[in-house]
Student: 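Sending over a structure as structure tokens; questions will come in a sec.
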Amino acid sequence: MKYFARRLGFYIFTLWAAVTINFFIPRLIPGNPVDALIAQRKGQIDDKAVESLNVLFGLDKHQSLLSQYFHYLGQLAHGDLGISFNNFPEPVTTVLGSALPWTLGLIGVTTILSFLIGTALGVVAGWRRGTWLDGLLPATSFLSSIPYFWLGLISVAWFTGPDSFLPSSGGYDPGLIPGPQLGFIGNALRHSLLPAATIIVSSVGGWLLAMRNMMVTVTAEDYITVAHAKGLSGGRVMTRYAARNALLPSVSGFGMALGLVVGGTFLVEYVFSYPGVGLQLLNAISSHDYPLIQGVFLVVTVAVLVANLLADLAYMALDPRTRKEG
Amino acid sequence: MRFRLRMPSLKVTVGLALLAVFTFVAVFGSALAPYDPSKRGKDLLQGPSGKHWFGTTHLGQDIFSQILVGTRSVMFVGFAAGILATVIAVLVGVTAGYLTGFAGESLSTVSNVFIVIPALPLIVIVTNVVPNSGDVAIAAVIGCTGWAWGARLLRAQTLSLRQRDFVQAARANGESTWRIVAFEILPNLTAIIASSFIGTVMFAVLTEIALAFVGVSGISEWNWGEVLFWAQGQQALSLGAWWWFVPAGLCIALLGTALSLINFGIDEIVNPRLRSSGRAVVKAADGRKVRMQIGFTPVLSQNQNENQNSNDGGGR
């Protein structure tokens, strides 16, 4: 439990760091973004929104930086992320609420699938070193050097078209209303196939390489030789003895790698116009929608931290040493 | 750690050769380019031909020239960010590993925070805030956010090195901390520093291209992401203009592959077990196939095997 408490403490610290970064970045923007936006909206923004914006951007000149900071934390604690300019007058939380399920679904499923596929291939490639499986290494490293978004573009060009089963953009057909009907879910799944395949193909190589290298290292350990000497079948030694131990660094790296996967997924969403958080972020940036930009960064960081916590729980289940009291 | 000079493996040779080609193009690209990359021509959106090797854009610009000229920006940002990030990683990682107590712990926590926070959104936001972001600014932003992985690896290795006998001996001799770190510990970290440098260069290249592709970095100099940005903006693929996308993407993939091939070579120096040790499946005298395994002495002849069994039988 001590291990878990320490990790939890670290995540709370990281969350605080992310919030603080979020507090300072808008204060670096030259000029006065709020005035510019009020002018742009021609008086559509009411006093309360102006006040909330001033807090977000640190333009309350009569307040000290410290009291601005606590004011900002208080606003966050109430779940107030400000008003999105792009989708005026919707609050940022509403915009994010409708975009988040798409991204979580896409990243969640693809990351777990690519972890499982990559790790399984890595186990076999590490175990059967020196066979044709060694050829997987250069091949997958070529695939993972291709940027996610370029692979996405090429797959749009190859696999979509007027008469293709796979749609080229969007999360669902424009005529449908999002909801838990069978027709909508099927349609959404069809739209997610190509983005998901793109992410899996580009990210599987990293898992494969990490697992293969750990397998090669673990295979030389004495306990593997003992397991063979006991007359256990090769498959059992590979999975229960070698793979279980080789898996530990991959699991602890899982959460860490997620930050990179998020970046790649954002670009894939951009290419496929997939209605997730990444598309919102890139649109928000091109239209200088600062509250939405900050909201996306905060929400994504929280999601990555939660995923890291889950990876830690998995690590505790796999490695008895972390459960030791004291 | 002394590295014996030996023939580098095929993987490393190919990687170094590819990297040399890209470096050459980065230096001499502008001189080699047959056209001015921004100059409009009369041939609009034409496929590859003898005149325009990689075809032309919707404005008649020569894509081959854009790729050649753009290589410099890609290599500059990649290596500048890589050097900056590696310097920070060495400073933070080695200090965090060598110092005990609060200072070491807090440095290590800081680098873990940087690993966990999603880098690309952060870089996109910061680049957007920095005014007139040229190549130097982008390299600085990427370098300042991309050092954490290397620092983590270096800290782990330093932690293990500082327990070794030769470091203990140097300390017992009364060497200064500075001297121990610079002459006892750093030389043993060379391989890890090199491999984290190459990893960061790759990260920086991909990030710069992504930034240019989504149009965040200001349109100042040509780079491969810029080419893709224009191609995407002009719907090149739905027009069937594959030559607009494919060369830039292949260049990125080739550069990435070159860097990871070099990294394989470094990994194999650090961890000799990763070397491919020739063919693992050997044919035994009687035609059976035997798979070699680490730690095992394979019994290649069936007869010998039987002899052993009968000998063993008595003993049991």
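Because only heavy atoms are used, hydrogens play no part in the values below, and waters and symmetry mates are left out as well, while side chains stay in. Just so it is clear: chains get the letters A, B, ... in the order the sequence lines come, proteins before strands, and each one is counted from 1. In this text, all values refer to a predicted model and were calculated from it rather than measured experimentally.
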Student: Which heavy atom of G249(B) sits nearest to which heavy atom of W150(A), and what is that distance?
Tutor: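 Result for this residue pair: CA-CE2, 3.2 Å.
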Student: Could you check which of L206(B), V246(B), I209(B) has the highest count of heavy-atom pairs closer than 4.5 Å to chain A?
Tutor: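 Highest number of pairs under 4.5 Å: V246(B).
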Student: So which part of N308(A) gets closer than 4.5 Å to some heavy atom of chain B, the side chain, the backbone, both or neither?
Tutor: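 Just the side chain, heavy atoms under 4.5 Å.
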Student: Quick one: CG on L281(A) to CD1 on I125(B), what's the gap to the nearest 0.5 Å?
Tutor: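 The distance works out to 5.5 Å.
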Student: Measuring from atom OG1 of T109(B) to atom CZ of F10(A), what distance do you get when rounded to the nearest 0.5 angstrom?
Tutor: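 Reported to 0.5 Å precision, the distance equals 7.0 Å.
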Student: Report which part of V126(B) has an atom under 4.5 Å of a heavy atom belonging to chain A: side chain, backbone, both, or neither.
Tutor: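 Interface part for V126(B): side chain.
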Student: Could you check whether the rings of F213(B) and F149(A) sit parallel, tilted or perpendicular, using 30° and 60° as the cut-offs?
Tutor: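 Ring orientation of F213(B) relative to F149(A): parallel.
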Student: Checking heavy atoms, do the side chain of I293(A), its backbone, both or neither come under 4.5 Å from chain B?
Tutor: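 Looking at I293(A), backbone and side chain both touch chain B.
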Student: Please flag which part of L122(B) lies under 4.5 Å from any non-hydrogen atom of chain A: side chain, backbone, both or neither.
Tutor: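 Answer is both: backbone and side chain atoms of L122(B) are under 4.5 Å from chain A.
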Student: What part of I21(A) is in contact with chain B, defined as an atom under 4.5 angstrom from a non-hydrogen atom: side chain, backbone, both or neither?
Tutor: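 For I21(A), the side chain is the part near chain B, not the backbone.
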Student: For F114(B), which atoms come within 4.5 Å of any heavy atom of chain A: side chain, backbone, both, or neither?
Tutor: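 When you check distances to chain A, no heavy atom of F114(B) falls under 4.5 Å.
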Student: Taking every non-hydrogen pair under 4.5 Å, which of I154(A), L209(A), D222(A) racks up the most with chain B?
Tutor: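 Option with the top pair count is L209(A).
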Student: Specify which of V214(B), I117(B), I115(B) makes the most heavy-atom pairs with chain A at under 4.5 Å.
Tutor: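 Maximum pair count with chain A is reached by V214(B).
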Student: Heavy-atom cut-off 4.5 Å, strictly under: side chain, backbone, both or neither for F13(A) against chain B?
Tutor: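 Just the side chain, heavy atoms under 4.5 Å.
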Student: With a 4.5 angstrom heavy-atom cut-off, could you sort out which part of W242(B) is near chain A: side chain, backbone, both or neither?
Tutor: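 Neither part.
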Student: Search all heavy atoms of F245(B) against all heavy atoms of L153(A) and return the closest pair with its distance.
Tutor: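 In terms of heavy atoms, the two residues are closest at CE2-CD1, 2.9 Å.
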Student: For the residue pair G263(A) and L120(B), what are the closest heavy atoms and their distance?
Tutor: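 Of all heavy-atom pairs spanning G263(A) and L120(B), the closest is O-CD2, 3.3 Å.
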Student: Between V271(A), L267(A), V262(A), which has the largest tally of heavy atom pairs under 4.5 Å with chain B?
Tutor: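 That would be L267(A).
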